[in-house]
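Each remark here refers to the structure printed beneath this line.
Numbers restart at 1 for each chain; the letters A, B, ... are given by sequence-line order, proteins then strands. Please read all numbers here as calculations on a predicted model, not as lab measurements.
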Protein chains: 2
Amino acid sequence: MKQAESTLPGGLFMDLDRSGPVPLYFQIASRIENAILEGDLPPGSRLENEIALGERLGLSRPTVRRAIQELVDKGMLVRRRGIGTQVVHGQVSRKVELTSLYDDLASGDRHPSTSLLLHEVIEADARIAEVLGVPVGDPILHIRRVRGADDVPVAVLENYLPRDLVDLSEEDLAEHGLYQLLRARGTMIRVARQRIGARRASAEETTLLEIDKGGPVLTMERTAFDNSGRAIEFGSHCYRPDLYSFEVTLVDK
Amino acid sequence: MKQAESTLPGGLFMDLDRSGPVPLYFQIASRIENAILEGDLPPGSRLENEIALGERLGLSRPTVRRAIQELVDKGMLVRRRGIGTQVVHGQVSRKVELTSLYDDLASGDRHPSTSLLLHEVIEADARIAEVLGVPVGDPILHIRRVRGADDVPVAVLENYLPRDLVDLSEEDLAEHGLYQLLRARGTMIRVARQRIGARRASAEETTLLEIDKGGPVLTMERTAFDNSGRAIEFGSHCYRPDLYSFEVTLVDK
DNA sequence: CAGTGCCCTTTGTCATGACATTATCAGGGG
DNA sequence: CCCCTGATAATGTCATGACAAAGGGCACTG
């Protein structure tokens with residue numbers, strides 16, 4: 001099979017910003033990623049080897065290697081020892097990362113809307129205490145929202161937040177995405193565990209989502225943890241399956 | 001908050017196998033992972049800093065760092081600069097990685113079964129040619145199976161395989177999992193892109209899965225790529241939502 | 001007493017160097 | 001003509017060293 005030998009476009013080798021806060025490996029990774037998305041690096045083409053790439057960029061091999069690793073983890077490149085590094089076939093759609101539905105919609109063309117159905121502080125029962133890792137009886141903020149895109153309902157979002165966050169106001173929640181608010185408070189989400197399933201819509205969900213009675217909904221339960229490893233949020237969501245789905249990219253390690 | 005200072009159990013520091021084929025960073029990562037799963041490293045506890053850990057193990061910092069990174073990527077550890085590395089709260093359920101439904105079931109207590117409904121070689125139409133990255137008209141193996149666990153139907157699996165794999169026999173497919181067969185042929189799957197959604201079951205699926213008419217099914221479409229970046233398989237699957245769901249762990253980078 | 005600035009700890013980034021492992025390919029021998 | 005073997009090329013692993021950046025605590029000051 002003929003492999004495109006990929007004389008890399010000159011744009012990849014523009015000046016690097018060595019003083020700014022952006023890591024060098026990240027700058028390189030971004031440029032390679034753009035080259036792939038723009039079609040300058042077609043699927044199947046081979047990258048230069050790590051040593052040569054480093055010399056041309058004036059970088060050490062570990063730095064170049066780390067840049068490549070970023071894209072391997074994203075599923076855009078594949079490495080083979082003794083062979084080289086190649087671009088994966090199949091066009092990549094921007095993958096969903098650690099973003100909320102609000103972010104997903106906002107980054108697209110559609111503009112999101114929110115209506116707050118419920119906003120109450122309750123005491124943690126056994127189940128909530130378990131998933132959030134707090135004592136039973138601890139104060140918990142319980143909210144329930146309907147998220148829409150272009151005024152069409154997309155999802156019913158039910159969330160439970162631990163005591164540090166019970167003071168989130170109704171106005172903020174009606175106006176902004178939950179993750180947006182958390183970021184603004186300086187609490188960064190680092191890890192999230194999700195379970196994705198499906199079931200029949202309840203009567204209430206049928207009404208809220210404007211779907212047929214007994215129709216299917218896509219469900220997602222998520223526990224999110226901050227940078228100190230403590231649980232920050234438990235969410236039980238259901239989505240209109242004709243308007244939303246999840247994308248996942250898996251990489252063998 | 002009181003942090004367990006985590007005098008690490010002695011088992012972590014047993015002799016390393018420096019001659020064998022298992023990388024040192026992998027050996028360390030495995031031991032830390034076991035310590036977490038066994039409860040020796042409780043949630044919230046801090047690890048020793050990377051330098052000290054390296055000295056006690058007789059390893060350099062990059063090696064220790066890489067071991068820790070493996071577990072960070074798995075969502076089991078969280079790092080904070082200036083602070084240290086801590087164990088994430090919440091018990092981890094064994095993650096689902098790049099495995100097939102067959103592997104998932106077999107690794108549990110249940111024993112999987114397969115019935116082959118369809119096994120034909122067709123010519124690639126525009127859609128299949130697109131997702132597999134082959135010319136229109138190329139020979140494609142089209143199979144359709146029902147996967148059961150303990151004799152209860154769990155999923156309807158429809159797969160399309162490119163020309164290299166059209167010679168998979170009916171006997172093999174009825175007997176083994178698809179990914180099992182691919183591994184046996186030496187083709188390793190490195191990257192997979194999945195889309196997870198939901199919809200109403202078709203009439204045929206209703207019968208095959210023994211569910212109520214018009215009931216919901218969980219759907220997954222997947223394109224898998226081998227270590228040279230070529231598409232190896234396209235699958236369009238639907239699952240009984242009361243018997244199966246997807247787990248995903250996301251890590252912010 | 002409270003606010004502020006300095007210092008220490010720890011992870012984040014980057015460079016250099018070395019050897020191991022694996023796949024391809026060309027050449028020689030059966 | 002085929003198989004085996006060695007050379008070559010590329011990634012995989014590991015060590016050592018250095019500096020930067022961020023977070024927390026402590027002491028000093030207003």
Distance-only donor-acceptor check, side chains A:Y179 and A:E233, under 3.5 Å: yes
Is A:R79 paired with A:E50 through a side-chain N to carboxylate O contact shorter than 4.0 Å? yes
Interatomic distance where CD belongs to A:E55 and C1' belongs to D:dA10 [whole Å]: 14 Å
Given atom CG of A:D17 and atom P of C:dT13, what is their separation to the nearest angstrom? 15 Å
Per-nucleotide protein contact string for nucleotides 12-24 of chain D, where B marks a base within reach and S marks sugar-phosphate only (heavy atoms under 4.0 Å, - for neither): BBSBB-B--BBSS
Are B:E247 and A:I196 close enough, and set up right, to give a side-chain contact (heavy atoms from CB on, under 4.5 Å), and what steps lead you there? CA-CA 6 Å; B:E247 283 178 21; A:I196 301 169; over 6 Å; no
Pair A:D40 + A:R31: basic N to acidic O under 4.0 Å: no
Would you please say whether a donor-acceptor pair under 3.5 Å links the side chains of A:R145 and A:N159? yes
Any side-chain N or O of B:T85 under 4.0 Å from OP1/OP2 of C:dT11? yes
Quickly work out the B:L47 CG to C:dT9 P distance and round it to whole Å. 19 Å
Ionic contact status for B:R56 with B:E48, cut-off 4.0 Å: yes
Rounded distance (Å) that lies between atom P of C:dG12 and atom CG of B:N49: 12 Å
A:L53 CG to D:dA10 C1', in whole Å, measures 13 Å
